[in-house]
Structures are given as structure tokens and as C-alpha cells.
Asks: 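I have a structure here, written as C-alpha cells, and I will follow up with some questions on it.
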Amino acid sequence: MNKLTSRIDKERLLLGVAAPLLAVVAALVVTTLVILATGKNPGDAFSDMVTYGFASDSQVYILNKATTYYLAGVAVAIGFRMNLFNIGVDGQYRLAAFIAAVLGGALTVPGWIAIPLIILCAMATGALWAAIAGILKVTRGVSEVIATIMLNSIATAVIAYLLQPGKLGQLDQAGTLVSTKPLPSSSYFFSFDAGPAGELWGFIVIAVLVGVAYWFVLGRTRFGFDLRTVGQSETAAAASGVGVKKMVATSMIISGAVAGLIGMPTLLNDSHQFSNDFPAGIGFTGIAIALLGRNHPIGIALGALLWGFLERTTNHLEFQGYDKEILGVIQGVIVLCVVIAYEVVRRYGLKRQQQRVGAELAAQAAAPTKKQEVA
């Protein structure tokens, strides 16, 4: 039996490596065909992407973008591990960033007090907004997909109403930008000076800590075990004494709290105010990144870096005469290839495992018969 276990473990390792390799190869093949269809040379495109993507200023840009995307991926992955589809991450982080920006602009305390208050305010806002969907699900059976979609629309409407000049917003001198009151310089988050390449946002440190906490809580604690158990089988979790409804609501709240952090790198390290051009759609990007990373903290990090790399390099390709829509095509192709590749490998691995276990059990059953024949 030990030999069987060792053999299965080796196969799992090989299959684990085969899945991303298959996805990458398939994505490259499809992307090559797409570029050829536009009448361009895919070799030149890939070469230009690699050269431009590894320039020092591009690396800083990619890391800054990946910080935001990583937080979005973790927020979505928490729901995925619970078998919940939190589409509302987009509304949660935008509303959280808006409320936090209003608070930050009104604070007159030192930065070492203001910054934690702004971050906690954002997390609390995201958690409360996500809690609405969680409570509706456990008390009224409302699908979290429907609830979070509606909450996204409500959050957008609330922000648009409150951001008007004369309410919580103000118009700039050019009359084109409506924003909250800017944060005082004491409330700026620290950055790492990368010289001519720019500044690396210090919030990347918070993103790393969030990833470590995600890995530890879900993989090394009883709470994480219960959460994963409920995600795999609610009936089995209930039979073992786990409060399923409590776990559903709790996971939505935690997912919302992490979602509240998504806008903080932009607010505290870049714009220092919430305006009508504040980045939108990052929550939906988080869904793709969580899928790419298979809900694993390291996988999500790689997915976030890949997304930042593609965004940086494909935008550059537009200036080289390539169609600007190629970014969306490449991103979509990669997500599809990853999802399909992992599913194909999973099914193949399950089939192989069943065959090996069946063969081993048949061999063990036949062994006593042979001994009896000899006797």
C-alpha cells in the first residue's frame, strides 16, 4: 500500500506541473493564431513584450498593479474556497475606498493614527457591504450572485450621489474632475524609491501579509478547515457539528473585509483622493486571477503578476501598430486555457488514480488464492 501511495503522490506532482504547462502552451498557440489573423508577426510581438516587460520602469508598474490585483484575487478566492461566488467585490472595494477617502480627508490627527484608521474604515465598509449578501443568503436563501450584483449597482449609485459637488465631493479648478477632499500628506503610505523607474508602492507589504494570513488561516487553523469543509460539502460539515450558516456569513464578511483593501494602494500611494476616475472593474479582474491561481496564495500572486505584465506590455503593443483589443483577447484566452487545462488534468488524474487503486486491490485479493493453490 505504501508503494501505491508513493506512486499516486508522484503522479499528483507530475499532473500538478502538467496542468499549468498545458495551459501556457495552449494559450501561446491560440494567441499566436490570433495575432497571425490580424496580419502581424507573433514572434515580433512576443519579443517586444518580453523586452519591454522586463524594463526597470515596467517592473515597478507591474508590481504596483499586481499589489491591487493580488488583494482582489484573495478576496474572491475566500469566497471560492467556501463555494461562494462573491461578484460584489467590485462594489465593495469602491464603496470602501470612497468612505475611507472621505474619512481620511476629514482627519486632522497624525499620520501614524490616520493611516490605520483609514485602512480599518475601508475593511469595515467592505465587510458590512458584503455582510448584506451573506445575511440574505443564510436567512432568506437569496443567491449571493444575485445579491452582490444588485449591491454593486447600489454602491455605484450611492457613490455617484454622494460624490456630487456640494455633498461630499468637490470640483477641481478645471471643472472636469469631481473628487473627495484630498488626504493630507501625513496620511500618505510609504513608498520604496526605485530611482528613475519610479516608486514602488509600500502597500505591497500589506498585500504580502494578507497572503500569509490567508495561507495560515485556511490551511493551518480549525476555522480554515471548517470553512473548506463547508465549501466541499455542507451536509458533511453540518453532520460534524459545523455551523454552516454561520460559516457562510463569516466567509462573506471576511471576503468583503479583504475587498475593502483593494482600493487602498491607489488611495494611499497614488491618487490620495477618490474621484470619478478612480479605477473600476478590479473586482472582476480578481475573479480571473483567483481562477488562474487556483485559490492558492502563491498561484494568485503569479496570476496577479501575469495580469500586470500583460496589461503593461500589450498596451505598449498598441503603439507598435498592433490592435488595442489584443489585450482582452489574450487575457480571455489565458483564463479559458487555464480552466480547461486544470479540468482535463483533474479528470485524467482521477481516472488514473481509480485504475491504480483498483489494480492494487485486485492484486491483493488474488494473492491469498495463489498461496492456497500452492498449499
Asks: Salt bridge (Lys or Arg N to Asp or Glu O under 4.0 Å) with R220: which residues, sequence neighbours excluded?
Replies: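 Residues passing salt bridge (Lys or Arg N to Asp or Glu O under 4.0 Å) with R220: none at all.
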
Asks: Test side chain to side chain contact (heavy atoms under 4.5 Å, CB included) on M252 and L84 and set out the steps.
Replies: CA-CA 8 Å; M252 281 297 293; L84 294 172; 3.7 Å; yes

Asks: Just wondering, do P297 and Y70 contact through their side chains at under 4.5 Å, heavy atoms?
Replies: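 Yes, close enough: below the 4.5 Å cut-off.
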
Asks: Residues in salt bridge (Lys or Arg N to Asp or Glu O under 4.0 Å) with E199, at least two apart?
Replies: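 By the salt bridge (Lys or Arg N to Asp or Glu O under 4.0 Å) rule, E199 matches no residue at all.
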
Asks: Could you grab the distance from atom CD1 of I204 to atom CG of L63, nearest 0.5 Å is fine?
Replies: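 The distance works out to 5.0 Å.
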
Asks: Show your reasoning for whether side chain to side chain contact (heavy atoms under 4.5 Å, CB included) applies to T32 and F46.
Replies: CA-CA 9 Å; T32 299; F46 292 141; 3.4 Å; yes

Asks: Provide the closest heavy-atom pair for A75 versus S255 in the form atom of the first, atom of the second, distance.
Replies: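 Closest approach of A75 to S255: O-OG, 2.6 Å.
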
Asks: Do M123 and I119 come close enough that some side-chain heavy atom pair is under 4.5 Å?
Replies: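 When only atoms from C-beta onward are counted, I119 and M123 do touch, with a gap below 4.5 Å.
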
Asks: Compile the donor-acceptor pairs under 3.5 Å between side chains in residues 128-137 and protein atoms, sequence neighbours left out, one pair per line.
Replies:
unit_1, atom_1, unit_2, atom_2, d
W129, NE1, L151, O, 3.2
K137, NZ, E144, OE1, 3.1

Asks: For residues V142 and A147, report the shortest heavy-atom separation together with the two atoms involved.
Replies: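 Minimum heavy-atom contact is CG1-CB, 4.2 Å.
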
Asks: Can you list, pair by pair, the side-chain donor-acceptor contacts under 3.5 Å of residues 180-193, counting residues two or more places apart and other chains?
Replies:
unit_1, atom_1, unit_2, atom_2, d
T180, OG1, F274, N, 3.1
S191, OG, N269, ND2, 3.1
D193, OD1, G195, N, 3.0

Asks: Name all residues meeting the side chain to side chain donor-acceptor pair (under 3.5 Å) criterion together with D226; count only those two or more places apart in sequence or in a different chain, and write none if there are none.
Replies: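 D226: side chain to side chain donor-acceptor pair (under 3.5 Å) contacts with R222.
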
Asks: Without swapping roles, check the side chain of D57 against the backbone of P196 for a donor-acceptor pair under 3.5 Å.
Replies: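 Answer holds: no.
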
Asks: Where do I78 and S251 come nearest, in terms of heavy atoms and distance?
Replies: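 Scanning both residues, the minimum pair turns out to be CG2-O, 3.8 Å.
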
Asks: Could you pull out all residues at least two apart from Y214 that satisfy side chain to side chain donor-acceptor pair (under 3.5 Å)?
Replies: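 Once residues adjacent in sequence are excluded, Y214 has no partner under the side chain to side chain donor-acceptor pair (under 3.5 Å) criterion.
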
Asks: Under a single-linkage definition using a 4.5 Å side-chain heavy-atom cutoff for Ile, Leu, Val, Met, Phe, Trp and Tyr, are L291 and V344 assigned to the same hydrophobic cluster?
Replies: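 No; tracing contacts between hydrophobic side chains, which count when under 4.5 Å, never links both residues.
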
Asks: Please report the interatomic distance CG(L317) to NZ(K40), rounded to the nearest 0.5 Å.
Replies: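 Interatomic distance, L317 CG to K40 NZ, rounded to 0.5 Å: 10.5 Å.
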
Asks: May I have the step-by-step check of side chain to side chain contact (heavy atoms under 4.5 Å, CB included) for V339 and L292, ending in yes or no?
Replies: CA-CA 7 Å; V339 173; L292 284 174; over 6 Å; no

Asks: I'd like to know if the side chain of Q164 and the backbone of Y161 have a donor-acceptor N/O pair within less than 3.5 Å.
Replies: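 Answer holds: yes.
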
Asks: Do you know which two heavy atoms are closest between A290 and G73, and how far apart they sit?
Replies: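 Nearest heavy atoms, A290 then G73: CB-O, 3.7 Å.
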
Asks: What distance do N295 atom CG and I289 atom CD1 have between them, rounded to the nearest 0.5 Å?
Replies: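 Rounded to the nearest 0.5 Å, the CG-CD1 separation comes out at 12.5 Å.
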
Asks: Taking atom CG of N276 and atom CG of L171, what is their separation to the nearest 0.5 Å?
Replies: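 The CG atom of L171 is 9.0 Å from CG of N276, to the nearest 0.5 Å.
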
Asks: State plainly whether one hydrophobic cluster holds both Y322 and L310, where clusters connect Ile, Leu, Val, Met, Phe, Trp and Tyr through side-chain heavy atoms under 4.5 angstrom apart.
Replies: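 Yes, Y322 connects to L310 through the hydrophobic network.
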
Asks: Are F223 and T250 packed together at the side-chain level, in the sense that at least one heavy-atom pair is separated by less than 4.5 angstrom?
Replies: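 Side-chain contact under 4.5 Å: yes.
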
Asks: Are I300 and V217 joined in one hydrophobic group, where the rule is that I, L, V, M, F, W and Y side chains link up if heavy atoms are under 4.5 Å apart?
Replies: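 Yes, one cluster joins them.
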
Asks: Is any side-chain heavy atom of W215 closer than 4.5 Å to a side-chain heavy atom of I298?
Replies: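 Heavy-atom side-chain distance check fails, nothing below 4.5 Å.
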
Asks: Side-chain donor-acceptor contacts of residues 230-249 below 3.5 Å, not counting sequence neighbours, with atom names and distances?
Replies:
unit_1, atom_1, unit_2, atom_2, d
S233, OG, T235, OG1, 3.2
S233, OG, A236, N, 3.2
S240, OG, A236, O, 3.4
S240, OG, A237, O, 2.8

Asks: Can you hop from L302 to Y61 via hydrophobic side chains spaced under 4.5 Å?
Replies: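 Each belongs to a different hydrophobic cluster.
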
Asks: Kindly give the cluster partners of W201, where membership spreads through any ILVMFWY side chain lying under 4.5 Å from a current member.
Replies: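 Direct or chained contacts put W201 with none.
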
Asks: For residues 92-104, please give each side-chain donor-acceptor pair under 3.5 Å, one per line with the distance, not counting sequence neighbours.
Replies:
unit_1, atom_1, unit_2, atom_2, d
Q92, OE1, N86, ND2, 3.4
Q92, NE2, N86, OD1, 3.1
Q92, NE2, G88, O, 3.3
Y93, OH, P279, O, 2.6

Asks: Anything under 3.5 Å between a donor and an acceptor, one on a side chain of residues 47-54, the other on a protein residue two or more places apart or in another chain? List them.
Replies:
unit_1, atom_1, unit_2, atom_2, d
D48, OD2, H316, NE2, 3.4
T51, OG1, S47, O, 2.9
Y52, OH, R312, NH2, 3.4

Asks: If you round to the nearest 0.5 Å, how far is CG of L261 from OG1 of T67?
Replies: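 One finds 12.0 Å between OG1 of T67 and CG of L261.
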
Asks: Looking only at side chains, do Y69 and E311 share a donor and an acceptor under 3.5 Å apart?
Replies: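 Yes, because at least one side-chain N or O of Y69 sits under 3.5 Å from a partner of the opposite role on E311.
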
Asks: Which heavy atom in G283 sits nearest to a heavy atom in V76, and how many Å separate them?
Replies: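 Closest approach of G283 to V76, heavy atoms only: O-CG2, 4.0 Å.
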
Asks: Any donor-acceptor pair under 3.5 Å linking the side chain of R228 with the backbone of L218?
Replies: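 At least one qualifying donor-acceptor pair exists.
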
Asks: Quick check: is I334 connected to V29 through a chain of hydrophobic side chains (ILVMFWY, heavy atoms under 4.5 Å apart)?
Replies: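 Unlinked, V29 and I334 end up in two clusters.
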
Asks: Are the side chains of V210 and L71 in contact, using a 4.5 Å heavy-atom criterion?
Replies: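 Contact flag for L71/V210 side chains = yes.
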
Asks: Check the pair R347 / E343 against side chain to side chain contact (heavy atoms under 4.5 Å, CB included), numbers first and verdict last.
Replies: CA-CA 6 Å; R347 293 187 180 185; E343 182 61 20; 2.8 Å; yes

Asks: If you draw a 6.0 Å radius around NZ in K351, do more than 12 non-hydrogen atoms from other residues or ligands fall strictly inside?
Replies: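 Check fails, neighbour count at 12 or below.
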
Asks: With side chains defined as the heavy atoms from C-beta onward, is the minimum distance between T31 and P42 less than 4.5 Å?
Replies: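 Of all side-chain heavy-atom pairs linking P42 with T31, none is under 4.5 Å.
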
Asks: Return the CG to OG1 distance between N64 and T68, rounded to the nearest 0.5 Å.
Replies: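 Between N64 CG and T68 OG1, I get 8.0 Å after rounding to 0.5 Å.
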
Asks: Determine which pairs satisfy side-chain hydrogen bond (donor to acceptor under 3.5 Å, both in side chains) with at least one residue from residues 74-84, sequence neighbours left out, and list them in order.
Replies: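 For residues 74-84: none.
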
Asks: Between P165 and V178, is there a side-chain heavy-atom distance shorter than 4.5 Å?
Replies: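 In contact.
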
Asks: Using ring-ring contact (aromatic ring centres under 6.0 Å, His included) as the criterion, list what pairs up with F284, not counting sequence neighbours.
Replies: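 In terms of ring-ring contact (aromatic ring centres under 6.0 Å, His included), with neighbours along the sequence ignored, F284 is linked to no residue.
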
Asks: Under 4.5 Å between any side-chain heavy atoms of F80 and I287, yes or no?
Replies: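 SC-SC contact between F80 and I287 confirmed.
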
Asks: Taking all non-hydrogen atoms of both residues, which atom of V60 and which atom of A194 are closest, and how far apart?
Replies: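 What the structure gives for the nearest pair is CG2-CB, 3.8 Å.
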
